[in-house]
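The structure appears right after this line, and notes come after that.
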2 protein chains.
Amino acid sequence: MLDQIDVKILRQLQANGRLSNQDLADQVALSPSACLRRVKTLEQEGYIDGYHALLNAPKLGYRVEAFVQVRIDQSNDDWHDQFIATIADLDEIADAYIITGNANYLLRIRARDFEHFSTFIIHTLNRIAGVRDIQSNMVMQNLKNNGKLLPLPNSVPK
Amino acid sequence: MLDQIDVKILRQLQANGRLSNQDLADQVALSPSACLRRVKTLEQEGYIDGYHALLNAPKLGYRVEAFVQVRIDQSNDDWHDQFIATIADLDEIADAYIITGNANYLLRIRARDFEHFSTFIIHTLNRIAGVRDIQSNMVMQNLKNNGKLLPLPNSVPK
DNA sequence: GCTGAAAGTCGGCACCT
DNA sequence: AGGTGCCGACTTTCAGC
């Protein structure tokens, strides 16, 4: 179970993944060794999945972002497995979800420009076996990103 | 401009945001001081937006994820500004985008359970001024997350 | 723009409360 | 559980190539 200090630690590391253990210890009012032990435990128990640098997509040449809904022909089970295996290797696909509703999959796509995007849709996505219908929604503006998980309002984590 | 070593640095830090400068220097075949200078430059020039611990949502009590499309009454410009200002403070909204298509906004929602989700939709989202239509798609499975930005296939960053 | 050395700082562990 | 102290490793700066 998480206590209030654990939640503080998670919140701090979420905001700044490179916080030194000493600074972290100061912020949660613990000695460095006690703080480090808690962090290691949180990592081992799976509360922290990893640490990552957040790169700036436009700066790196990715100026197009879009959400694409894909329907596949459900009369064939193999196509589902094949689809999942295929998208794992496609760099243009940032995120992928199985969703309820009319479509089977929701994909978040990142591409260099619109030409790159349309080529990807027509010549890559559209040619995966079983793909029936593709509906694209371009991102015009990114209002909020990766909203913080904590504070957990009234939540009682298992 | 980025050279090959910069790209290697970005790729490494993307995969592991807590890599020590010394280990990073080894991996890109540079001395620690030269490596550190490049990292600082990359940060200052905005290629790296930050470092964050990736927290495990289910472990923290968030078991429901959904994409919600929102249409607002476009006859009133103020509602747009108001909507943006309101969603910034809502913890349940992880990401928010302005998109093309029938809806105005696409929101990624995280909630503790279905009751939390439906309460949020009915009593919070639905009551924001100007909101006309809400369409929800629940996430049944998360197939891919935060696909890596690099390597930049054939891209020539500005 | 990189290297190498020096000084300050930190992480990790043993031990104690 | 948390705190103290120690040592080896690391970060960071700066002079020099």
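Lettering follows sequence order; numbering is per chain, from 1. These figures come from a predicted structure and were not determined experimentally.
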B:Ser33 (side chain) and C:dG4 (base): donor-acceptor pair under 3.5 Å = yes

query = Rounded to whole angstroms, how far apart are CG on A:Leu19 and P on D:dT11?
reply = 15 Å

Whole-Å gap separating C1' (D:dC10) and CG (B:Asp23) = 10 Å

remark   = Residue pair B:Gln22/A:Arg38 against DNA chain D: nearer the 5' end by closest nucleotide is A:Arg38

query = Does any donor-acceptor pair link the side chain of A:Arg37 with the base of D:dG2 at a separation under 3.5 Å?
reply = yes

inquiry  = So A:Ser20, base contact, sugar-phosphate only, or nothing? Heavy-atom distance under 4.0 Å.
reply    = sugar-phosphate

query = Can B:Arg38 and B:Asp6 be said to form a salt bridge (charged side-chain N to carboxylate O under 4.0 Å, His left out), step by step?
reply = CA-CA 7 Å; B:Arg38 294 178 91 119; B:Asp6 290 321; 3.2 Å; yes

Nearest-angstrom distance from the residue atom NZ of B:Lys40 to P of D:dT11 = 10 Å

request  = Write down the distance between CG (B:Asp6) and C1' (C:dC2), rounded to a whole number of angstrom.
outcome  = 14 Å

Interatomic distance, B:Leu24 CG vs D:dA9 C1' [rounded to whole Å] = 17 Å

message = Side chains of A:Gln135 and A:Gln69 only: does a donor on one sit below 3.5 Å from an acceptor on the other?
response = no

ask   = For the residue pair B:Tyr105 and B:Phe83, does the interplanar ring angle fall in the parallel (under 30°), tilted (30 to 60°) or perpendicular (over 60°) class?
value = parallel

task = Calculate the interatomic distance between B:Arg18 atom CZ and C:dC10 atom P; express it in whole Å.
result = 13 Å

message = Whole angstroms only, please: what is the CG-C1' distance between B:Leu36 and C:dG8?
response = 15 Å

request  = Take the protein atom CG of A:Leu30 and the nucleotide atom C1' of C:dG12, then report the distance between them rounded to whole Å.
outcome  = 16 Å

key: Distance-only polar pair, side chains of A:Glu92 and A:His116, donor-acceptor under 3.5 Å   = yes

key: Pairwise 5' ranking along DNA chain D for A:Cys35 and B:Asn21, keeping only the more 5' one   = A:Cys35

